[in-house]
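Report on the structure given below.
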Amino acid sequence: MSEVRTLKVALLGCGNVGAQVARILIDDAETLAARSGARLELSGIAVRNIDTPRDVELPRELFTTDADTLVKDADLVIELMGGIEPARSLILTAIQNGACVVTGNKALLAQDGPTLYEEADKAGVQLSYEAAVAGAIPILRPIRDSLSGDRITRVLGIVNGTTNFILDQMDTTGAQFSDALAEAQRLGYAEADPTADVEGHDAAAKAAILASLSFHTRFSLDDVYCEGITKVSAADIASAKEAGFVIKLLAIAEKIDSSENSSGISVRVHPTLLPREHPLAAVRGAFNAVFIEAENAGELMFYGQGAGGTPTASAVMGDLVSAARRLVLGGPGRTETTTGYVPALTIDASDTSYYIGLDVADQAGVLARIAHIFAENGVSIEIMRQTIHRDSESNVESAELKIVTHRASEAALAATVEAVKGLDVINSVTSVLRVEGV
Ligand code: NAP
């Protein structure tokens, strides 16, 4: 019987995810060997401080602060340190030394993915990063492999658990953003500095990765329009709820092929209204989900835990077994296919439906004047609902108008809102939010 090959696995980082990966490598060694065809030997764990207490009890002799030496003597490198440097240089060293790399580092991939993919391609090694988008959910491999014979037209993702938790709290309890954020922090769903989550930066990094794989081109963070959830008010949520919508922070990548706007891919992150019956509307708490529309497959949805040490470690291990198997069987690393340059569209050239809330004077002819401005700017109205309010003190009546438009360009919508604001019968524009799934 031929001897089972041993592959050296270097682990960079032993935090939330790294510690669980180390545990699985040690505890499930036999299963992993059976599945990959090689013994996966954890050769060392690079950390900043060897004395930091770990979530998992691990042999002290595995720890080192010399990541560079560890990487140079490995067949497989798992990068779970996070941040740009030294993660970037260590991954490049690993690739140049012929090692396959598994990483969960979305920030690095969104910033400098193209360089890393090209280097891996040149060296014929595999660079895998399933954990970088939506934690445990197998989403990148289905896009890259299972759908490689189809054409994806749109991807809508809830890819940040913190913001989904906050918006869900606001929706179910009527809380303001700041109170829902405080609750998320108390429960450990949001960091002390929540900027990367609530401003949408984390979701934007994932949007760049999803768009690159889905549309076979390379997008970076600079190509992603990004708007977080800090301006979503309890009033926006209540008004959306009344009209049958829920507000979610979506990462969207879609092909836009219109004669009016330039063709290309719109990659964007922003708060979005979804009809309550849309499958993504049912994604509650800190869960993630990605909804894909493809020409032949139709609609698909992937749902699960988007973060957490153990769930994310599951995605890392899947990549590791697949890379190990490839090393055992031989052959070049699996790389992404790029079909050339497809432009990323600016937000002005993107089109979507909109929800507009208006506080207007209750006078005859108001609706016709507003509808006229929409038509003049080429924005067609799908739904217009009016609710009358009477101020108990002044006894003056005003009306709340809720308008949902058909798909229109961002530029046309902005011009419409500006023109509507100029009407003497408009008290205020209470909400302008993008809508998907209508
Ligand atoms: P973490 O808990 O902050 O752990 C980071 C680890 O890296 C620590 O063990 C730290 O060492 C080590 N490290 C950091 N800088 C280092 C340096 N310069 N040299 C050597 N070691 C260094 O991070 P995490 O939450 O596990 O996340 C790891 C990666 O997975 C990140 O890229 C993250 O975006 C990604 N990810 C995380 C999740 C999640 O749920 N946590 C989900 C998806 C993807 P010390 O312990 O000694 O400080």
Side-chain angles (χ1 to χ4, degrees), residues 10-24 42 44-56 58 60 62-71 77-91 93-94 101-113 116 127-140 157-165 184 187-197 201-206 208-210 221 251 285-288 290 304-320:
L11 176 60
L12 310 180
C14 194
N16 294 316
V17 188
Q20 299 306 327
V21 166
R23 173 186 62 78
I24 298 168
L42 180 57
I45 308 174
V47 291
R48 259 181 312 218
N49 180 358
I50 289 176
D51 296 321
T52 301
R54 307 286 159 197
D55 293 346
V56 174
L58 296 161
R60 192 179 163 84
L62 282 177
F63 287 90
T64 176
T65 53
D66 184 359
D68 215 44
T69 303
L70 184 66
V71 161
V77 172
I78 306 173
E79 185 278 307
L80 291 168
M81 298 189 325
I84 305 301
E85 284 295 349
R88 183 182 179 280
S89 302
L90 289 164
I91 290 176
T93 304
V101 176
V102 177
T103 178
N105 196 332
K106 58 236 160 190
L108 174 59
L109 292 170
Q111 181 173 311
D112 210 13
L116 301 177
L127 171 64
S128 323
Y129 45 91
E130 184 63 71
V133 179
I137 306 174
I139 181 63
L140 301 187
I158 295 174
V159 291
N160 181 275
T162 307
T163 46
N164 201 54
F165 178 86
L187 295 172
Y189 289 123
E191 313 234 345
D193 176 1
T195 313
D197 292 321
H201 305 154
D202 173 79
K206 294 164 180 171
I209 297 170
L210 282 171
L221 205 46
F287 274 83
N288 280 198
V290 180
Q305 296 197 55
T310 307
T312 308
S314 162
V316 171
M317 295 311 296
D319 278 348
L320 188 75

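Owing to the predicted nature of the structure, the values given are computational and were not obtained by experimental measurement. As the structure lists them, so they are numbered: ligands from 1, and atoms in each ligand from 1. Residue numbers count from 1 along this sequence.
Proximity to A307 (heavy-atom distance under 4.0 Å) selects the following atoms of ligand 1: 40 (O). Near A131, meaning under 4.0 Å from any of its heavy atoms, are these atoms of ligand 1: 43 (C), 44 (C). Within ligand 1, counting atoms from 1 as listed, the ones closer than 4.0 Å to a heavy atom of C14 are 6 (C), 8 (C), 9 (O). Residue contact check: G82 has heavy atoms under 4.0 Å from atoms 31 (C), 32 (O) of ligand 1. Against a heavy-atom cut-off of under 4.0 Å, N49 is close to the following atoms of ligand 1: 47 (O). Within the listing of ligand 1, atoms 34 (O), 36 (N), 43 (C), 44 (C) sit less than 4.0 angstrom from a heavy atom of K106. Remark: ligand 1 atoms within the under-4.0 Å shell around heavy atoms of P86 are 18 (N). Close approach of ligand 1 to L80 (heavy-atom distance below 4.0 Å) involves ligand atoms 5 (C), 6 (C), 7 (O), 28 (C), 30 (O).
A distance-only check finds a donor-acceptor pair linking the side chain of R54 to the backbone of T52 [under 3.5 Å]. Under the 3.5 Å distance criterion, the side-chain polar atoms of T69 are left unmatched by any main-chain donor or acceptor of D66. Of the possible polar contacts, none joining the N288 side chain to the G304 backbone as a donor-acceptor pair under 3.5 Å is found. For K206 (side chain) and V159 (main-chain N/O), a donor-acceptor pair under 3.5 Å exists by modelled atom type. E79 places a side-chain N or O within 3.5 Å of a backbone atom of M81 that can act as its donor or acceptor partner. Between the side chain of D55 and the main chain of A19, no donor-acceptor pair closer than 3.5 Å is present. At distances below 3.5 Å, not a single donor-acceptor pair connects side-chain atoms of T312 with backbone N or O atoms of A131.
Contacts of A67 with ligand 1, taken as heavy-atom pairs under 4.0 Å, are absent altogether. If you look at R54 next to ligand 1, the close heavy atoms, those under 4.0 Å, all belong to the side chain. With a 4.0 Å heavy-atom cut-off, ligand 1 is reached by the side chain of T312 but not by its N, CA, C or O.
Checking atom 11 (O) of ligand 1 against the protein gives a heavy-atom contact under 4.0 Å. Atom 23 (O) of ligand 1 is never approached by the protein to below 4.0 angstrom, counting heavy atoms only.
Side-chain contact of D193 with T195: a donor-acceptor pair under 3.5 Å is present, judged by distance alone.
Just one of L140, I137, L320 meets the side-chain contact (heavy atoms from CB on, under 4.5 Å) condition when paired with E130; it is L140. Partner of L12 under the side-chain contact (heavy atoms from CB on, under 4.5 Å) criterion, out of L80, L70, I91: L70 alone.
For atom 20 (C) of ligand 1, the nearest non-hydrogen atom from the set T310, L108, L109, V47 belongs to V47. Here atom 27 (O) of ligand 1 lies nearest to V17 when heavy atoms of V17, L70, I78, T65 are compared.
No N or O atom of G13 sits closer than 3.5 Å to an N or O atom of ligand 1. The N/O atoms of G306, backbone and side chain alike, include none that comes under 3.5 Å of an N/O atom in ligand 1. Distances between N or O atoms of G135 and those of ligand 1 include no value under 3.5 Å.
Ranking protein heavy atoms by distance to atom 25 (O) of ligand 1, first place goes to N16 ND2, 3.1 Å. When only non-hydrogen protein atoms are considered, atom 40 (O) of ligand 1 lies nearest to G308 N, 2.7 Å. Protein heavy atom nearest atom 17 (C) of ligand 1, with residue, atom name and distance: R48 CG, 3.7 Å.
Across all their heavy atoms, Y129 and I209 have their closest contact at CE1-CG2, 3.6 Å.
In this structure the side chain of D112 never reaches within 4.5 angstrom of the side chain of L109, judged on heavy atoms.
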